Amino acid sequence: MAATYDPNNIFARILRGEIPCKKVFENEHALAFNDINPQAPTHILVIPKGPYVDMDDFTAKASDAEVAGLFKAVGEVARQAGVVADGYRTLSNCGRDAHQEVPHLHIHIFAGRDLGGMIGRPKA
Ligand code: 5GP
């Protein structure tokens, strides 16, 4: 069963301007800002402006313009951050097994160091 969107999740509050963020990019459909607890020298979150819980919710319900706006933002953010030449990783946690913490779709962009293997070990 699809999760219900919580309009008071932290990223919804950032979108409403109730909580500050270090914005790095914005277009009609997406906002990008620095992660508060960076896991790499560059760690940026790209989120849709619409109310979508996760990648499943977004790809089922968002318009083509919203999907294009989010993914174009990811590429634009990486180019603006200057991380394309050395490489970067995008990641989006969806649901329980992926340990998604914030229930508003977000795409992580990691860069600035060797990012190692693709998937980590299970939490102890
Ligand atoms: P998840 O585990 O859901 O994929 O990742 C959630 C991310 O949101 C984490 O990397 C966490 O550091 C980040 N985060 C949580 N709260 C805030 C906040 O208030 N501001 C910002 N900029 N990032 C946050």
Side-chain angles (χ1 to χ4, degrees):
M1 193 178 77
T4 304
Y5 186 77
D6 170 11
N8 290 317
N9 78 75
I10 201 93
F11 293 167
R13 298 183 67 198
I14 284 175
L15 281 166
R16 290 197 296 268
E18 295 168 7
I19 291 176
C21 72
K22 292 196 172 159
K23 181 168 91 174
V24 299
F25 179 82
E26 183 171 15
N27 67 19
E28 185 183 352
H29 296 295
L31 176 71
F33 51 89
N34 288 322
D35 195 289
I36 204 168
N37 182 24
Q39 305 297 309
T42 296
H43 185 174
I44 297 168
L45 301 171
V46 188
I47 69 172
K49 291 184 174 176
Y52 302 105
V53 176
D54 56 22
M55 189 65 81
D56 179 63
D57 193 28
F58 183 68
T59 54
K61 296 180 190 161
S63 68
D64 289 354
E66 290 176 295
V67 174
L70 181 68
F71 281 90
K72 283 184 172 292
V74 170
E76 191 60 35
V77 165
R79 285 187 289 276
Q80 287 190 9
V83 299
V84 176
D86 286 346
Y88 63 94
R89 176 171 294 156
T90 60
L91 181 149
S92 185
N93 293 315
C94 179
R96 184 198 63 196
D97 279 0
H99 296 261
Q100 180 180 0
E101 290 174 6
V102 179
H104 181 113
L105 172 62
H106 46 286
I107 298 176
H108 298 257
I109 298 177
F110 301 105
R113 65 168 169 80
D114 186 317
L115 295 165
M118 191 162 62
I119 295 180
R121 289 187 296 275
K123 283 183 179 172

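Numbering of ligands and ligand atoms starts at 1, following listing order. Scope of the values below: all heavy atoms of this structure, side chains included, with no hydrogens, waters or symmetry mates. Computed from a prediction, not measured in an experiment: that's the story for all the values here.
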Proximal protein residues to ligand 1, non-hydrogen atoms under 4.0 angstrom
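Contacts of ligand 1 under 4.0 Å: Ile10, Phe11, Ile14, Phe33, Asn34, Asp35, Ile36, Asn37, His43, Leu45, Asn93, His99, Gln100, Glu101, Val102, His106, His108.
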So if I apply the side-chain contact (heavy atoms from CB on, under 4.5 Å) rule between His104 and each of Ile47, Val53, Asp54, which one comes out positive?
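Exactly one candidate clears the test, Ile47.
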If I take atom NZ from residue Lys49 and atom CG from residue Leu70, how far apart are they, to the nearest 0.5 angstrom?
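One gets 11.5 Å once the value is rounded to the nearest 0.5 Å.
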Show me the donor-acceptor pairs, under 3.5 Å and distance only, between side chains in residues 7-19 and residues at least two apart or in other chains.
unit_1, atom_1, unit_2, atom_2, d
Asn8, OD1, Arg16, NH2, 3.3
Asn9, OD1, Phe11, N, 2.9
Asn9, OD1, Ala12, N, 3.0
Asn9, ND2, Tyr5, OH, 3.1
Asn9, ND2, Asp6, O, 2.8
Arg13, NE, Glu18, OE1, 3.3
Arg16, NE, Glu18, OE2, 2.7
Arg16, NH1, Pro7, O, 2.8
Arg16, NH2, Pro7, O, 3.1
Arg16, NH2, Glu18, OE1, 3.4

For Gln100, give me all partners under side-chain hydrogen bond (donor to acceptor under 3.5 Å, both in side chains), at least two apart in sequence or on another chain.
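Once residues adjacent in sequence are excluded, Gln100 has no partner under the side-chain hydrogen bond (donor to acceptor under 3.5 Å, both in side chains) criterion.
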Would a hydrophobic clustering, with Ile, Leu, Val, Met, Phe, Trp and Tyr connected at side-chain separations under 4.5 Å, put Met55 with Val102?
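No, Met55 does not connect to Val102 through the hydrophobic network.
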Not counting sequence neighbours, which residues clear ring-ring contact (aromatic ring centres under 6.0 Å, His included) with Phe110? List them please.
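Per chain and number, Phe110 pairs via ring-ring contact (aromatic ring centres under 6.0 Å, His included) with His43, His108.
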